[in-house]
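What follows is a single structure, written as structure tokens, with notes after it.
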Number of protein chains: 2
Amino acid sequence: MRLLIYKFLAEKKVAVTLSDTENAFVKADRTTLYRTIKTFVENDIVHQIDDGTGTIKYALCEVGCSCDIKTDLHLHFYCSNCNETVCLTDHKIPQINVPEGFISENVNLVVKGICNKCSSM
Amino acid sequence: MRLLIYKFLAEKKVAVTLSDTENAFVKADRTTLYRTIKTFVENDIVHQIDDGTGTIKYALCEVGCSCDIKTDLHLHFYCSNCNETVCLTDHKIPQINVPEGFISENVNLVVKGICNKCSSM
DNA sequence: TATGTAAATGCACTTCCTTTGCATTATTTT
DNA sequence: AAAATAATGCAAAGGAAGTGCATTTACATA
């Protein structure tokens, strides 16, 4: 099961929701998928993305990704046309300055707009 | 009613959820608050913040804010200790480069960590 | 091979939040 | 004052995340 889900995520180029996975695996129960992905997340195999749509999306981490805040934070692009979220893994998040007293532990950067596929149509 | 809600938002220094507002106005109905805030959002009086907690938060726009992508996008800081989200209006979001073909319309940047209040305790 | 233990699965249910439909009440306009 | 428009409240729907428990499957070891 886990292998199947892993494969599914690997084939998808975009981040998927739990429902997406559910639709892909009609036979399996929602809970199984939920917990499997949760296991993946806990083991840094996939990362969660909150793209502002209200539903969490998941995507495989890059090869060699350690989910480390300093090196592995890339930005995500949410297309408001096709509703897909892609990982722009080559685009690391720039250094963000926070005021005195604030300690930053994590950064989430989502760019919303039209993706390359939709803009070329 | 709208004036009251506006005042409430103005007094709050942090972004609030719908529930927060609900607790502040026990007499008013949830729907009224919801719709009022929605109206505010549509008229660029407040902006929505998705800080990754799963519940949308709202905060007044700055004076003179036109919710314009080029000038008014500031970053938000979510404190994982006190669960509060503050607008760092002085910290504009840096220029984000997206690949060829992508058209960016909006940028959402949330830094997660410990806020100044909590770090000094 | 039998069997005991741990992990994985499925079902049902709960909870939380957002959103909408509809009837009622208030407010404005003519 | 009557008509039109807007605002409110109640109820309920809808979506999604998460949990408890029982059952099944897999695995290791005696």
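Residue numbers start from 1 in every chain, and the chains themselves are labelled A, B, ... in the order their sequence lines are given, proteins ahead of strands.
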Worksheet item: Could you give all pairs that pass the ring pair (Phe, Tyr, Trp, His ring centres under 6.0 Å) test and reach residues 7-31 of chain A, with sequence neighbours left out?
Response: A:Phe8-A:Phe25

List, one per line, each side-chain donor-acceptor pair under 3.5 Å for residues 110-121 of chain B, sequence neighbours excluded.
unit_1	atom_1	unit_2	atom_2	d
B:Ser119	OG	A:Gly101	O	2.6
B:Ser119	OG	B:Cys115	O	3.3
B:Ser119	OG	B:Asn116	O	3.2
B:Ser120	OG	B:Asn116	O	3.1
B:Ser120	OG	B:Lys117	O	3.0

The criterion is side chain to side chain donor-acceptor pair (under 3.5 Å); which residues satisfy it with [X], sequence neighbours excluded?
| X | result |
| --- | --- |
| B:Asn108 | none |
| A:Asn97 | none |
| A:Asn81 | none |

Quickly work out the [X] [atom1] to [N] [atom2] distance and round it to whole Å.
| X | N | atom1 | atom2 | answer |
| --- | --- | --- | --- | --- |
| A:Asn23 | D:dG15 | CG | P | 12 Å |
| B:Lys27 | D:dT8 | NZ | P | 13 Å |
| B:Phe25 | D:dT8 | CZ | C1' | 15 Å |
| B:Leu33 | D:dT8 | CG | P | 9 Å |
| B:Glu22 | D:dT8 | CD | P | 15 Å |
| A:Arg2 | D:dT25 | CZ | C1' | 13 Å |

Worksheet item: What residue pairs, at least two apart or across chains, pass salt bridge (charged side-chain N to carboxylate O under 4.0 Å, His left out) with a residue in residues 93-104 of chain A?
Response: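 For residues 93-104 of chain A, and leaving out neighbouring residues, there are no salt bridge (charged side-chain N to carboxylate O under 4.0 Å, His left out) pairs at all.
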
Discussion item. Enumerate the salt bridge (charged side-chain N to carboxylate O under 4.0 Å, His left out) contacts for residues 22-43 of chain B, please, sequence neighbours excluded, ordered by first and then second residue.
Written reply: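 Output for this query lists B:Glu22-B:Arg30.
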
Worksheet item: In Å, rounded to the nearest 0.5 Å, how long is the span from CG of B:Leu3 to OG1 of B:Thr36?
Response: 10.5 Å

Worksheet item: What is the distance from atom CD of A:Glu84 to atom CZ of A:Phe77, rounded to the nearest 0.5 Å?
Response: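 If we round to the nearest 0.5 Å, A:Glu84:CD and A:Phe77:CZ are 12.0 Å apart.
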
Discussion item. Enumerate the side-chain hydrogen bond (donor to acceptor under 3.5 Å, both in side chains) contacts for residues 3-17 of chain B, please, sequence neighbours excluded, ordered by first and then second residue.
Written reply: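 side-chain hydrogen bond (donor to acceptor under 3.5 Å, both in side chains) check on residues 3-17 of chain B returns B:Thr17-B:Asp20.
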
Fill in: Covered region of DNA chain C, 5' end to 3' end, by chain A [heavy atoms, under 4.0 Å]
C:dA8 to C:dA12

Response to the item:
Counting primed atoms, P, OP1 and OP2 as sugar-phosphate and everything else as base, the B/S/- map of nucleotides 17-22 of chain D against protein heavy atoms under 4.0 Å is BBBB--

Discussion item. Going by ring pair (Phe, Tyr, Trp, His ring centres under 6.0 Å), name the residues that satisfy it together with A:Tyr78, two or more places apart in sequence or in a different chain.
Written reply: none

Fill in: Proximity to DNA chain D (any heavy atom under 4.0 Å), residues of residues 4-15 of chain A only
none

